[in-house]
Amino acid sequence: MDSSASVDALSNGFKNHLSLYQSHNNNNVVSNPRVKPKQPFFIGVAGGTASGKTTVCNMIISQLRDQRVVLVNQDSFYHSLNAEKLKRVHEYNFDHPEAFDTEHMLSCMEQIKRGQAVTIPNYDFKTHQSIEPACKVNPSDIIILEGILVLHDPRVRDLMNMKIFVDTDSDVRLSRRIQRDTVERGRNIENVLDQYARFVKPSFEEFILPSKKYADIIIPRGGDNDVAIDLIVQHIHTKLGQHELCKIYPNVVVIFSTFQIRGMHTLIRDAKTTKHDFVFYADRLIRLVVEHGLGHLPFKEKQVITPTGSVYSGVVFYKRLCGVSVIRSGESMENALRACVKGIKIGKILIHGEGNNGRELIYEKLPKDISSRHVLFLDPVLASGNSAINAISLLLSKGVPESNIIFLNLIAAPDGIHALCKRFPKLKLVTSEIDESLNEDLRVIPGMGEFGDRYFGTDNEDGTISNSTTPK
Ligand SMILES: O=P(O)(O)OC[C@H]1O[C@H](OP(=O)(O)OP(=O)(O)O)[C@H](O)[C@@H]1O
Ligand SMILES: O=c1cc[nH]c(=O)[nH]1
C-alpha cells in the first residue's frame, strides 16, 4: 500500500477548499439540458511512495485561491479484499496496477471531466474495504487525481490536461516511508522493509517509474520545489482564464475571475434575487468592468515629486474620452463611468428590437467631436450582437476609428462575440463573463434574464421575473 497517499477518500487539503467543497456539496445542482457544463481542468499527479505527491497537491491547491478544486485520491479505488485475501494481507501487492479498480476510476473521471457530479468510493485502510458513506464530488473548475499509478493507464492519462510526476530520490522516499509506517502506523521496521523489498520497490521499477515518461512536468524534490509549483500554478491560471474565444479574437478581454466576481454573478443571475440586490451587485460588477476597460486606454508616462521629495514614475490618463450608452440597459453603466472619469460626456443611442433579427436605430445623441475621442461603449448584455453592430456602425459612420472603441459589457454570448468581433476586429470588448449560448429567442443562456427589466424594476408587479419566452 502506498502510505504516502492520503487516507481520506477525498480531501481538499486546505481548510478553505474543504469548506468550499462542503458548501458546494450541500447545494442541489440543477441540471439544465440546455447548458453544456464547462469542462474542468484535470491534473494527474503521480510518483513513487512518499515522494511528496500530497504536499505538491496541497501547495497547488493553496495557491489556486480563486478556483474550486477537488482532490481525488487513487487509493479510493482500491479493490476491497475478500476474506481469503484478507487472511494473507501481507502477501498482497498494494502497489500493483491490478490492486486498483481502474475501470471504475476511469468512469468516474470521465463523468467529472464532463462536468457531472460523481460518487467516489470511500476506501477504509484498516479493513481494506470500501465503506459507506461514499463521497459525492460536484463539478469543479479543477480536478486533481493523485496516486502512485495515475499515469499508468493510457485511457486515464488521455483525460488529463496536465500530467505531473513527483520525482524524489529513492533513499529519501524509503527513509520517509520507514519513519511514517513505524511512527504513524505502529508497524515494525522488519515488516516495512520486507514489504518495500517484495512489493513497493519492484512495482515502482516495473510500473511507476516507466510512467514518468508520460509526464508533462517532472518535479524533482517534490514539495520542496517552490519554483516548479509556482510555474504550474501560473500555467493553470493562464489556461483557466483563457476562454477559447479569447484565443480566436485577441481583442476580447475577460476580466480576471475571482470568487468575489463569481459571487456577484451568482447573485445577479439568480432569478430569486430582489431588484435591490440585483442593482447593488450589478453596479459593483459594472464598476469593475469600467475600471478594467479604462486600463486599455492609451496613457503617457509621467514622473512626479512626492511630498517626501522623492520621484514617483507613473502615468497620466488619456483625456479625450466619451461614453456612449445603449438605451436603456447601457444607461445603468453611466454612473460608474462618471464616477471614474470626472466630467465625461456621455452620448446615447436607442436601438429598437423587432422580432428576432431586426434591430433598428431609432435615436442618437452623440458628442459633436466624437470622431476625435476614444469611445467607451456601454451595454451590459451582448446577445446576438445585432444591437451592438448597429450602434457601432453608427459610431464608425460618425468618423470614430474602430480601434478607438472599447465596449464595456457584463455578459457576452459566444454568438454575439463572433458576430461583433468578425465585423470589427479592431474594437476591444471588455466583459466580465462569457456565457454558454443563445437560445432561439436570442436570450443569453444561462444569462440573467432581461437586464433592463431587472435593473429598472419593470418586471412583474410582484417583483418576480417573467420567464416568458416571447421573442423580443
Ligand atoms: O445582442 P442583441 O441580441 O442585440 O441583444 C442585446 C441587447 O439586448 C438588451 O437590450 P434590450 O433590447 O433588452 O432593451 P433594454 O435595454 O431596453 O431592456 C441589451 O442591453 C442589448 O442592447
Ligand atoms: O438574455 C438577454 C438578451 C438580451 N438582452 C438581455 O437583457 N438579456
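For clarity, every value in this text was computed on a predicted model and none was experimentally measured. Each ligand, and each atom within it, is numbered from 1 in the order the structure gives.
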- Numbered atoms of ligand 1 (with element) below 4.0 Å of Asp379, judged on heavy atoms: 19 (C), 20 (O), 21 (C), 22 (O)

- For the ring pair Phe407 and Phe377, is the centre-to-centre distance below 6.0 Å? yes

- Item | Validation row, ring centre Tyr214 to ring centre His152 under 6.0 Å | no

- Within a distance under 4.0 Å of any heavy atom of Phe451, pick out the atoms of ligand 2 and give their elements. 6 (C), 7 (O)

- Query: Looking at ligand 1, does any of its N/O atoms fall within less than 3.5 Å of an N/O of Glu450?
  - Reply: yes

- Ser387 heavy atoms within 4.0 Å reach ligand 1 at atoms 2 (P), 4 (O), 5 (O), 6 (C), 7 (C), 22 (O)

- Item | Heavy atom of Ala413, distance to ligand 2 below 4.0 Å | no

- Message: Can you confirm if the aromatic rings of Phe451 and Phe278 lie within a centre distance of less than 6.0 Å?
- Response: yes

- Item | Check: Thr54/Glu146 side-chain N/O donor and acceptor closer than 3.5 Å | yes

- Considering the heavy atoms of Leu442, write down every atom of ligand 2 situated less than 4.0 Å from one of them. 3 (C)

- Could you tell me how the ring of His296 sits relative to the ring of His292: parallel (under 30°), tilted (30 to 60°) or perpendicular (over 60°)? tilted

- Item | Centroid-centroid distance, Phe100 to Tyr78, less than 6.0 Å | yes

- Polar side-chain atom of Gln74 near backbone of Leu149 as donor-acceptor pair, under 3.5 Å: yes

- Find all atoms of ligand 2 within a distance of less than 4.0 Å from any non-hydrogen atom belonging to Gly449, and give their numbers and elements. 1 (O), 2 (C), 6 (C), 7 (O), 8 (N)

- Item | Short N or O distance, Ala383 and ligand 1, threshold 3.5 Å exclusive | yes

- Item | Sub-4.0 Å heavy-atom contact, Gly385 with ligand 1 | yes

- Query: Do Ala383 and ligand 2 have an N or O pair less than 3.5 Å apart?
  - Reply: no

- For Ser384, the ligand 1 atoms with a heavy-atom partner under 4.0 Å come out as 1 (O), 2 (P), 3 (O), 4 (O)

- Message: Can you tell whether the side chains of Lys163 and Asp158 come within less than 4.0 Å, N to carboxylate O?
- Response: no

- What do you reckon, does Val444 have a nitrogen or oxygen under 3.5 Å from a nitrogen or oxygen of ligand 2? yes

- Leu442 N/O under 3.5 Å from ligand 1 N/O: no

- Numbered atoms of ligand 1 (with element) below 4.0 Å of Ser329, judged on heavy atoms: 15 (P), 16 (O), 18 (O), 20 (O)

- Indicate yes or no: does Glu450 engage Arg454 in a salt bridge with an N to O separation below 4.0 Å. no

